[in-house]
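Notes follow once the structure below has been shown.
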Amino acid sequence: VSKMEQPPRPTTFDFHGVCMTEIVTGNWDNVQDFKARPDDVLIVTYPKAGTTWVSYILDLLYFGTVDPDRQTSIPINKRVPFLEMAKRTLPTGTETLNQLTTTPRLIKSHLPVQFVPKSFWEQRCKIVYVARNAKDCAVSYFHFGRMNKSQPDPGDWNSYLEKYMEGQVIYGSWFDHVINWWDKKQTCSNIHYMSYEDLSQDLGREVDRLCAFLGLSPSAEEKENLKAAVKFDNMKENKMVNYSTVPSMDQKVSPFMRKGKVADWKNHFTVSQNEKFDEVYKQKMKNCTLKICSEI
Ligand code: A3P
């Protein structure tokens, strides 16, 4: 298709107090009425917090040994369908999930906690929440917006960062997302709250914690295979997990598997951007006990 025929970048709007876009809200009634099954596992993150990394870890834990073909033939976004996805050109997330016959279903979502369909709570499904430090999420989300035409145009870095601090990006404020999920976790034993930074620091320990939460006991060999497969460099080369199969993404602009580092924000934030961000951070997080990264 010529440039003229390409669909325009999506716009955002306020949706029940959260900045959203049609690709997320366009199937809303079906998302809210979604029938979770007791053995469903829901993976929730604020965008760019390591969703794909943790999705792949869970997929290998559940299916790596029982169905090795799955890893070489089905892209990760089909193995772990995106609950609220409402693209008109593709089956919606709920349609895909309703047709899945493999169990358990691994389900990806970025929904703020107040929007999670109630059946997940009624069925007491296991939920894995992944948080990543606010500054690295901002940098990663900015580059994702540049390369992915189904995201709004991020503009230049400085104006993007302003929008991000105000929560005017898809899925709203990073602060609201991680804080509200953290609060929910305090009363919900079916939520496992983990961080990208902890995963980077000690993958083996975090996989063990995940297994304890999920009630899984992989062999030592399975764990070694998993740890090798989910290394950044290996995921970057793996076409089934690096999103090279998704046409809306121009990986020449910025690869989906971009850097995979903790504190890459230091290469993007100016001193004054950082001071301003720290002020906002202190204010927003003042009543929250969550500590994700010591560098903020
Ligand atoms: P960067 O843009 O900072 O490199 P999501 O899957 O939630 O969209 O998150 C994408 C981010 O996770 C990207 O961050 C990507 O590089 C990083 N990532 C994906 N797999 C990873 C891995 N195995 N190790 C470290 N980071 C990984």
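Note that ligands are numbered from 1 as they come in the structure, with each ligand's atoms numbered from 1 the same way. All residue numbers in this chain count up from 1 along the given sequence.
- Using a 4.0 Å cut-off between charged side-chain N and carboxylate O, Glu166 and Lys163 make no salt bridge.
- An N or O contact shorter than 3.5 Å is missing between Met235 and ligand 1 by distance.
- Remark: ligand 1 and Pro47 share no N or O pair separated by less than 3.5 Å (distance only, no angle test).
- Under a 4.0 Å N-O distance rule, the pair Arg132/Asp198 does not qualify as a salt bridge.
- Residues satisfying the side chain to side chain donor-acceptor pair (under 3.5 Å) test with Glu222, not counting sequence neighbours, are Thr65.
- Between His110 and Phe82, the distance from one ring center to the other falls under 6.0 angstrom.
- The main-chain N or O of Ala36 is found under 3.5 Å from a side-chain atom of Ser119 such that the two form a donor-acceptor pair.
- Ion pairing of Asp153 with Arg9 is absent here, as no side-chain N (NZ or NE/NH1/NH2) approaches a carboxylate O to less than 4.0 Å.
- Looking from atom 23 (N) of ligand 1 to the surrounding protein, the closest heavy atom is Val230 O, 2.8 Å.
- Distances below 4.0 Å separate heavy atoms of Arg132 from the following atoms of ligand 1: 1 (P), 3 (O), 11 (C), 14 (O).
- Ligand 1 places these atoms under 4.0 Å from at least one heavy atom of Thr52: 5 (P), 6 (O).
- With a 4.0 Å heavy-atom cut-off, ligand 1 is reached by no atom of Ser200.
- The nearest protein atom to atom 8 (O) of ligand 1, hydrogens excluded, is given as Lys48 NZ, 2.8 Å; this is a heavy-atom distance.
- Between Thr102 and Tyr62 there is no side-chain heavy-atom pair separated by less than 4.5 Å.
- Nearest protein heavy-atom neighbour of atom 7 (O) of ligand 1: Thr51 OG1, 2.4 Å.
- Between Phe269 and Phe277, the distance from one ring center to the other falls under 6.0 angstrom.
- In terms of protein heavy-atom proximity, atom 26 (N) of ligand 1 is nearest to Tyr196 OH, 2.7 Å.
- For atom 15 (C) of ligand 1, the closest heavy atom belonging to the protein is Phe256 O, 3.9 Å.
- Annotation: atom 1 (P) of ligand 1 to nearest protein heavy atom, Ser140 OG, 3.4 Å.
- Heavy-atom contacts of Met257 reach the following atoms of ligand 1: 16 (O), 19 (C), 20 (N) (cutoff under 4.0 Å).
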